[in-house]
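Have a look at the structure below, then the notes.
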Amino acid sequence: MASSDPSKRPARPGPWTPAPESAAMPPSSWAKRTGFRPKFSGETNASNSDQIKSQPQPKSREADTTPDLEAGRSSLGPSSNGEPTSGRPPAEKEKEKKPPVKKRRDSNGNKNSRENVQPAMAAIAEEGSRRPVRNQEGDAVDVLQRTVVDDDGFVSRHTNMKYELRDTPGLVPIGLYGFQHYLSMLGSLILIPLVIVPAMGGTYEDTANVISTVLFMSGVTTLLHTSFGSRLPLIQGPSFVYLAPALAIINSPEFLGLNGNNFKHIMKELQGAVIIGSAFQAFLGYSGLMRILLRVINPVVVSPTIAAVGLSFYSYGFPRLGACVEIGAMQIFLVVIFSLYLRKVSVLDHRVFLIYAVPLGLAITWGTAFLLTEAGVYNYKGCDANVPPSNIISDHCRKHVSRMKYCRVDTSNALRSSPWFRFPYPLQWGTPVFHWKMALVMCVVSIISSVDSVGSYHASSLLVASRPPTPGVVSRGIGLEGLSSILAGLWGTGTGFSTLTENVHTIAVTKMGSRRAIELGACMLIILSFVGKVGGFIASIPEVMVAALLCFTWAMLTALGLSNLRYSEAGSSRNIIIVGLSLFFSLSIPAYFQQYGISPNTNLSVPSYFQPYIVASHGPIHTKFGGLNYVLNTLLSFHMVIAFLLAVILDNTVPGSRQERGVYVWSEPEAAKREPAVCKDYELPYRVGRVFKWVKWVGM
């Protein structure tokens, strides 16, 4: 038993040394009495307050217990958000004199070795009951638990990742893993065009062309990001952050009275707004302003902001699915079965049901709907699904026309009308049209997109990289995302491009973080975009199945946003109140704006699921400046904007420790430059970094 006299206590335990048996402070809760240690989202929070406070230290060592945050170093290993904790045993100081030898096979051809992993794994085994090692479940969060602490106290290796950032296992493996990575994120890449193009009045052929353009730009921007952005293995694509403002612009009052095919006219308006908003984002990143914004972006801010993005589309999801509820419900049921109940089933060491839940569910549901269509289940005598409802005279046909349109799989001619070869080119819809009010809305939304990307950068770096990126690397990544969205606006994708939030989940599930695999997958995606039939095939997905996939994808997006709380003390009353207020008012305040001035007898000119996006024509803010009314009514009707404003104000004004807030800790530039592994992870290739070495706010 340890003595109660501080002067006679043993040396402070190291990072893998079991805690002392006796605690100086009596247990004050059930958790402390039983030894329960919470693991938020499956992670071990090394900076847990109980873990630190239960081991009081002598006053003479108080100066040593403060982590050196400026140097980016500490001695007790990283917390779940990459922040080092304090203290270092004397034995560790002896190792400090010897540089660690790390062998790995990366893109430079060095040999990969697991020698540095074995001592740490042995130390984990010695922990015993203090922190038992969990078995691999394949969940998205289990990857974050097993990390190895190097001699400097940083995370140096993630032992259950198959391939990390600079690993190159060979052409065939990285090709297969790259294709797998994109296929698992299929829904995030293709669903936005399937929503916005029909809303603009576009035809099936227009939808196919936009999808081909999205695939092409996703490949190009991903290559740019992995080479000149953050250099993390993150797929770029159309972000759901931009979906709400795109629908608000599509349903603007000036477009509601247009007749005929308004697709190209509205698309040019969208292009202009995306280009201006993206230019602002590029300025935000490359000017260094993003480094200042990083000081107020923390997990308690990121979590409700991203969760609000997913929750904001609740009025679109099931109302659209209900048009053919048996097909839509089957789609959701299959995806849930694959992703939850069969997630541990492996085929050739691959969690096929967990990784391919969306494409497998889509294929089975589509095949079932095809068989039902061919069997004549949705045939009604004398009725034709291709006849507009306004031209139908028979009450019998008018009653069943909706089921015929949404349940049958042969109502689309997108695959038949699509060419075999099509090259997406800039300004294919015409010259963009610029309006300041729409551009200002997109500028604000680009800040929300940057907040989303910051959370993805931090989480993915803990999985695949040797250190978190520096603030300069984060700024560089945000700046390049702005440039990528400018290209997307020029090519006419309809929305801006950014890092897809689902990247972190996919990396954790597939355990594949190789940058080369993502780049090869991007090249394959570019080649597929040239095949017009691919876009036509995707455009022919029935709308009910699209709505079902959107329900699952938006639910995943909400959960991924909330999972950022694992980097903070999620049980803190401070954080609970901030997140709760942000989420509630992010739903309630936009509802007030969306319902203002609308009575039950109001004859709306848009379907009910688009009602939240026509607030600019009836919102409560009325000034003598019409453009200002449009901007304020539109922005305050966005759930994500309200959540971000409340969270960023409360989190940065309500007192709380860095540990409680889970403040993101980025690598310090000077410390990163001394680490060869960090330089290889984030330095620009082809000696481009030397040319821009003077731009210190966007580099190492």
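Fair warning: this is a prediction, and the values are worked out from it, not measured in the lab.
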Are side-chain heavy atoms of Ile507 and Leu234 found at a separation under 4.5 Å? yes
Can you check whether Ile211 reaches Leu194 side chain to side chain, under 4.5 Å on heavy atoms? yes
Between Ser667 and Pro468, is there a donor-acceptor pair closer than 3.5 Å when you use the side chain of the first and the backbone of the second? yes
Would you check if Leu587 and Leu583 make a side-chain contact, meaning some heavy-atom pair closer than 4.5 Å? no
Using only atom types and a distance under 3.5 Å, with no angle test, would you say the side chain of Ser461 pairs donor to acceptor with the backbone of His458? yes
Between Thr558 and Trp554, is there a donor-acceptor pair closer than 3.5 Å when you use the side chain of the first and the backbone of the second? yes
For the residue pair Ala357 and Ser339, what are the closest heavy atoms and their distance? CB-CB, 3.9 Å
Nearest heavy-atom neighbours spanning Leu232 and Ser460: CD1-OG, 3.5 Å
Minimum heavy-atom distance Arg661-Gly656, with the two atoms named: CD-O, 3.6 Å
If you compare all heavy atoms of Ala616 against all heavy atoms of Tyr630, which two are closest, and at what distance to 0.1 Å? CB-CD1, 3.4 Å
Please check: side-chain N/O of Asp651 versus main-chain N/O of Asn298, any donor-acceptor pairing under 3.5 Å? no
Are Phe638 and Pro590 close enough that some pair of their side-chain heavy atoms sits under 4.5 Å apart? no
Taking the side chain from Gln236 and the backbone from Thr221, do they hold a donor-acceptor pair closer than 3.5 Å? no
Step by step, work out the side-chain hydrogen bond (donor to acceptor under 3.5 Å, both in side chains) result for Ser572 and Glu660. CA-CA 7 Å; Ser572 164; Glu660 183 180 21; 2.3 Å; yes
Is it true that Asp681 and Arg515 have a side-chain N and a carboxylate O under 4.0 angstrom from each other? no
Can you list everything that forms a ring-ring contact (aromatic ring centres under 6.0 Å, His included) with Tyr596? Sequence neighbours excluded, please. Tyr592
Under the side chain to side chain contact (heavy atoms under 4.5 Å, CB included) rule, what do Ile337 and Phe333 come out as? Steps first, then yes or no, please. CA-CA 6 Å; Ile337 291 293; Phe333 176 77; 3.8 Å; yes
Decide whether Ser450 and Gln281 meet the rule of one side-chain donor and one side-chain acceptor closer than 3.5 Å. yes
Rounded to the nearest 0.5 Å, what separation is found between the OG atom of Ser568 and the CZ atom of Arg574? 9.0 Å
Please indicate whether Phe585 has more than 12 foreign heavy atoms, meaning atoms of other residues, nucleotides or ligands, lying under 6.0 Å from its CZ. no
Within the structure provided, determine whether Val274 and Thr495 are in side-chain contact (heavy-atom separation under 4.5 Å). no
Does the side chain of Leu191 reach to within under 4.5 Å of the side chain of Val546, using non-hydrogen atoms? yes
Treating Arg476 as the side-chain partner and Val473 as the backbone partner, does any N or O pair qualify as donor plus acceptor under 3.5 Å? no
In this structure, which one of Asn564, Leu562, Leu565 forms a side-chain contact (heavy atoms from CB on, under 4.5 Å) with Val302? Asn564
Approximate separation, where rounding is to 0.5 Å, of Ile448 CD1 and Tyr242 OH: 10.0 Å
Quick one: does Tyr664's side chain have a donor or acceptor within less than 3.5 Å of a partner on Tyr567's backbone? no
Quick one, Val210 with Val214, criterion side chain to side chain contact (heavy atoms under 4.5 Å, CB included). Give me CA distance, side-chain angles, the key distance, then yes/no. CA-CA 6 Å; Val210 173; Val214 166; 4.3 Å; yes
For Thr226, is there any backbone N or O sitting under 3.5 Å from a side-chain donor or acceptor partner on Arg231? yes
If we ignore angles and hydrogens, is there a donor and acceptor under 3.5 Å between the side chains of Asn503 and Ser456? no
Using modelled atom types and a 3.5 Å cut-off, is there a donor and acceptor pairing between side-chain atoms of Ser485 and backbone atoms of Gly482? no
Determine whether Ile306 and Met640 make a side-chain contact, defined as any pair of heavy atoms from C-beta on separated by less than 4.5 Å. no
d(Ser449 OG, Phe497 CZ) to nearest 0.5 Å is 11.5 Å
Are His225 and Tyr457 close enough that their ring centres sit under 6.0 Å apart? yes
Given 3.5 Å as the limit, does a donor-acceptor pair link the side chain of Asn251 with the main chain of Leu247, or not? yes
Apply the side-chain hydrogen bond (donor to acceptor under 3.5 Å, both in side chains) test between Glu481 and each candidate in Ser278, Ser453, Ser498, Ser446; give the one that qualifies. Ser453
Parallel, tilted or perpendicular: which fits the ring planes of Trp491 and Phe216, with parallel below 30° and perpendicular above 60°? tilted
Side chain to side chain, Leu500 and Leu189, heavy atoms closer than 4.5 Å: yes
May I ask you to check whether Ser637 and Gln594 show a side-chain donor-acceptor distance below 3.5 Å? no
May I ask you to decide if the ring planes of Tyr314 and His639 are parallel, tilted or perpendicular, using 30° and 60° as cut-offs? perpendicular
Under the ring-ring contact (aromatic ring centres under 6.0 Å, His included) test, which residues partner Phe552, sequence neighbours left out? none
What heavy-atom pair brings Pro193 and Thr207 nearest, and what distance separates the two atoms? O-CG2, 4.2 Å
Testing the basics here: between Leu557 and Gly310, what is the closest heavy-atom pair and its distance to 0.1 Å? CD2-N, 3.9 Å
May I ask you to check whether Ser514 and Glu164 show a side-chain donor-acceptor distance below 3.5 Å? no
Judged by modelled atom types alone, do Ser188 and Glu502 share a side-chain donor-acceptor pair under 3.5 Å? yes
Crowding at CZ, Phe610 (>12 non-hydrogen neighbours, <6.0 Å): yes
